[in-house]
Amino acid sequence: MNTIAVIGAGTMGNGIAHTFAQTGFTVKLIDLSEKNLDRGMATIAGNLDRMVSKGTISEDDKLKTIGNIITYTDLKDGVVGVDLVVEAATENVDLKLSIFKQLNDACSHNTILATNTSSISITQIGAVVAHPERVIGMHFMNPVPIMKLVEIIRGYNTSDEVTRLIMDLSVRLGKVPVEVNDYPGFVANRILMPMINESIETLYNGVAGVYEIDTVMKLGMAHPMGPLQLADFIGLDVCLAILNVMYDGFKNPKYAPCPLLVNMVRAGKLGVKSGEGFYDYSESKKAEKVAKMFA
Ligand SMILES: NC(=O)c1ccc[n+]([C@@H]2O[C@H](COP(=O)([O-])OP(=O)(O)OC[C@H]3O[C@@H](n4cnc5c(N)ncnc54)[C@H](O)[C@@H]3O)[C@@H](O)[C@H]2O)c1
């Protein structure tokens, strides 16, 4: 496996492209517009610069990594000849089903089709392609170049062979893969999102402020980042989408998104990526705050 395609150059897609390219893969990075691709490439370049300045990689490694990435705005062109596709487009079930239908037509039946979805059923996605045994969840964590975990999700039809290949590939990327089954939220978000939602509910109920809630969890529970700050970093729209999938999937009110989260997403306050969420990430403060999160 040498050439892969990544669909989506947003928060996760650019991190996934970066990680594969740094390991020596040729990466075809696909998004809807040149503007999105430029933004994704600028993020990759900025993250590589930070690694060079920390001495983690050399200037030559940086240039090689960037040189391994080719950008495309056309999905069909981007997936020609690839061994693996990792889909990291917006968390929306209809969008993902439509992308996988296109992949079914554009790729060979031997191409492994992975999705980075946080919560959407791998089995449901697999059902729209021929040979669903090659569809698998490859759930990277944010920020991808730094976080070790990859949650590997087996859909109902995913084969043992594809699971083994993707587990081995994750190790080759320097990650630690963990195999789980396909139920809403898988493991990571089934546990994380109720905590984030409860933190938002605690704020909404006026029990404490943003700083206080995050400080209780950071200093009291030894979490490296408070849950509200983490929600900002994940993207409040992504958190809302995941909670809705779990709410619908389990038909259980405990997963109902807090009205404050719903309102913030409606108001365009999506966290780091929009410049404001529970914290302010206006351009002047953004780089400093994001850097501090991972100091
Ligand atoms: N944000 C996180 O912390 C996180 C963590 C793990 C997994 N995920 C999952 O990763 C996926 C991407 O999330 P994100 O946070 O990177 O979202 P994002 O909004 O930052 O980026 C999504 C990108 O997909 C692009 N896109 C949309 N439709 C497309 C299409 N048809 N073809 C090509 N590109 C398309 C958008 O233009 C955008 O650039 C989601 O499934 C999400 O649940 C997110």
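Sequence positions, counted from 1, serve as the residue numbers for this chain. All values below come from the heavy atoms of this structure, side chains included, with hydrogens, waters and symmetry mates left out.
Judged by distance alone, the side chains of Asn189 and Ser119 never bring a donor and an acceptor atom under 3.5 Å apart. Between Asp61 and Ser58, the side chains place a donor N or O and an acceptor N or O closer than 3.5 Å (distance only, hydrogens not considered). A side-chain donor from one of Thr117 and Glu91 sits under 3.5 Å from a side-chain acceptor of the other. With 3.5 Å as the limit, one finds no donor-acceptor pair spanning the side chains of Thr65 and Gln22. Checking Asp214 against Tyr279 by side-chain atom types alone, a donor-acceptor pair falls below 3.5 Å.
When the shell of 6.0 Å around OH of Tyr204 is examined, it contains 12 or fewer heavy atoms from other residues, nucleotides or ligands. Counting non-hydrogen atoms of neighbouring residues, nucleotides and ligands closer than 6.0 angstrom, the CD atom of Glu212 exceeds 12 such neighbours. In the displayed structure, Tyr72 atom OH is contacted under 6.0 Å by more than 12 heavy atoms of other residues, nucleotides or ligands.
In this structure, Arg172 does not pair ionically with Asp168, as no charged nitrogen and carboxylate oxygen lie closer than 4.0 Å.
With rounding to the nearest 0.5 angstrom, the CG atom of Asn263 is 12.0 Å from the CG atom of Leu236.
The ring pair (Phe, Tyr, Trp, His ring centres under 6.0 Å) check on Phe140 picks up nothing, with sequence neighbours excluded.
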Next item on the list: List the steps and the verdict of side chain to side chain donor-acceptor pair (under 3.5 Å) for Asn2 and Thr26.
Entry: CA-CA 6 Å; Asn2 294 312; Thr26 300; over 6 Å; no
